[in-house]
Amino acid sequence: MKNSVGVSRRAMIRGLAMSLTACALPLPLRADGERPHGAILLGARPKGSLLMEARRGQVELLGRGLGKTAIWGYGGSVPGPVIRVRQNEQVQVRFKNSLEQGSTIHWHGIRIDNKMDGVAGLTQEAVAPGESFDYRFTVPDAGSYWYHPHNRSWEQVARGLYGLLIVDEPEPLDVDHDLALAFDDWQLKADGSLEEESFSAIGERAHGGRIGNVMTVNGQSDVRFAVRSGDRVRVRLCNTANSRILVLRVGGCGASVIALDGQPVAPRTPSASDLILAPSQRVDLVLEMNGAPGSRAVIWENSDMRLPLVRFVYHDSDRNNRQHKPVRKLADNPVPAPDRRKPLKVELEMTGGAMGGMRSALYKGKKMTIRELVDGPGLIWAFNGVAGMPEKPLFSARRGQTVELDMINNTAFAHAMHMHGHHMSEIRRVRQTRKGPRFMDTRPDWRDTILVDRAEAVKVAFVADNPGKWMLHCHMLEHQAGGMSTWFEVV
Ligand code: C2O
Ligand code: CU
C-alpha cells in the first residue's frame, strides 16, 4: 500500500524553512475565498454560466517569494475555482481551451448525463486548442466532487488542471466553517520548475505512478486556519494527486466521517481505511475543535513520512460557546439499491506492470508481446488480457440491471478503480494469502473509486441505471495511460 518514492529531504527542509518563516500569522478563515486560495466555501455561488479557461499560469507552490512554477490551470490557477451549486441545480460551464493540446472537463463522481462526461474519444472529441465547449448538466447528488481533464490526464492533471465541485445539501449541516481542500503532490526540480521529462515515462507507468516530492493543499505548501475552541468545521478532502495514495491522520480535535466520494455515511469515528485516500477519492469530515485555546489541530499525511498538511491554530483565548446540534447523517442521495437476485456478473482481472509477469496482451485486437507493447503504444497493463481502451465494451448492461463486478488484482501494485456515471458498493473483499483466501471486512459505502490492494479481489454491486458509454479505469493516471482503461455501456 505504501508509495515507493519518498518526499525528498529537500522538500522536507523547505517545509521546515516554511514553518520558521511563515508561522507567525495564521490565515484567518475568511469568506472571500482569497486566502488560502480557493478554500473557502461559505461564499457565493456562480450565477449563470461560468467561463473556465484552461491556460498557462505561474503559481508559488512553495510559498510566497520562494519561486514560481509554470503550471496549467483553470483560470491559470491551481486549483481552479470552487464550483458550488445546490442539489438538482444545473451547472453551466463554458470551457475554453487555451492550451496547445486538446482537452476536456470530466466531472468526477457526478452521475451525469453521458454526453457531458467529458471523456475524449468516448463521449466527445477533445476540445481543440482555441476552441470552446459548453457543459450543461444537473447534479442529482449532494456532496463533494471534483473536475479535471480526461485527455492526456497523466500530464494535464499533473500540471495543475483540476478543481473542486461542491453540491450543497438542501439542509446544511450545523457547522461554523466549511472548507474544500485539494491535496496534490508535485514533482518539482530544485529551481521550483515542474519535472517534465518523465511524463509518460514507462518506469513510472510500470510501478506506482508519478509520485511527487512536494505536497500542496489548494496549491499551497503551508496551509493554516485560525479557529477557536468550540468551533465545528466541515472539511472536504480530495486527493487530486496523479498516483499517491494518501494516508491521513487527524490530531488535536475530534473527527467524524460523514461522507465518502460525496455519498453520505452514518457519522462515525474514522477507521484507518476511511482516511486512506486513493487518487480521486474524497472524504468529508466534521471536525470538533475541542483542543485547548492556544493549541493546534493537524491533518497529517503519512504515506511515507509524517507531514503536516493542514494546521488549525486555536485562538489563544477566544472560545466559541455556541451549542451545535448533534452531527446527523446527511440525507441519502438517490442512488438506486442493487437487486442481487439476477445480477449481470462480470469479472475484471488486472495484470501486468513491473513484477507482474505479463508476457503479452491484446492491443486493438492484435496479440502483442510485452516488448512490443512497451516500445510501441507504451502499454504495460491489461484488463482481461486487453491493454488500453478496447473497441468492444467490457460488458453491456440493460438499463436498470444490477451488475456484480469482481475486480481481481493479479499485479504487484494497488489500483484505484474508478467507474464513471455510477457509484458502486463493495459486497466482498478477499485477499490471497499464503494460507489461502482471507475474507476481509467489506466497506459497503457508495463509492466512485475503490482501492484494490495487490492480491485482493473486490466484488462490487451497482445498478446500471445511467445510459451511455462509461469508462472504468485505474485512477493512478500513469496506470490508466499504461493500459488500465476500459469501458462499459448501459443500453
Ligand atoms: Cu477522475 Cu475517469 O476520472
Ligand atoms: Cu493502478
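Order of listing sets the numbers, starting from 1, for every ligand and every atom in it. By convention here, the first residue in the shown sequence is residue 1.
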Peer 1: So, His150 versus His108, ring centres under 6.0 angstrom or not?
Peer 2: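 No - the distance between ring centres of His150 and His108 does not fall below the 6.0 Å cut-off.
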Peer 1: I want to verify a count. Protein N, O or S atoms less than 2.8 Å away from atom 2 (Cu) of ligand 1, how many are there?
Peer 2: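 For atom 2 (Cu) of ligand 1, protein nitrogen, oxygen or sulfur atoms under 2.8 Å: 3.
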Peer 1: With salt bridge (charged side-chain N to carboxylate O under 4.0 Å, His left out) as the rule and sequence neighbours excluded, what pairs involving residues 156-167 come up?
Peer 2: Glu155-Arg159, Arg159-Glu196
Peer 1: Salt-bridge test for Asp406 and Arg428: reply yes if a basic N is under 4.0 Å from a carboxylate O, no otherwise.
Peer 2: yes
Peer 1: Take Ser485 and His473, measure what side chain to side chain donor-acceptor pair (under 3.5 Å) needs, and give me the verdict at the end.
Peer 2: CA-CA 4 Å; Ser485 305; His473 63 88; 5.7 Å; no
Peer 1: I'd like to know: is the Cu ion (ligand 2) within the 2.8 Å range of an N/O/S atom from His415, strictly under that distance?
Peer 2: yes
Peer 1: I'd like to check the salt bridge (Lys or Arg N to Asp or Glu O under 4.0 Å) partners of Glu169; sequence neighbours left out, ordered by chain and number.
Peer 2: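 With neighbours one apart ignored, the set is Arg234.
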Peer 1: Using the Cu ion (ligand 2) as the apex, give the angle to atoms SG (Cys474) and ND1 (His479), rounded to 10 degrees.
Peer 2: 130°
Peer 1: Please report the C-alpha distance between Gln187 and Glu197 in whole Å, then the side-chain angles of each, then the deciding distance to 0.1 Å, and finally whether the side chain to side chain donor-acceptor pair (under 3.5 Å) criterion is met.
Peer 2: CA-CA 11 Å; Gln187 261 187 42; Glu197 288 76 48; over 6 Å; no
Peer 1: With sequence neighbours excluded, tell me which residues meet side-chain contact (heavy atoms from CB on, under 4.5 Å) with Ile370.
Peer 2: Met358, Val374, Ile380
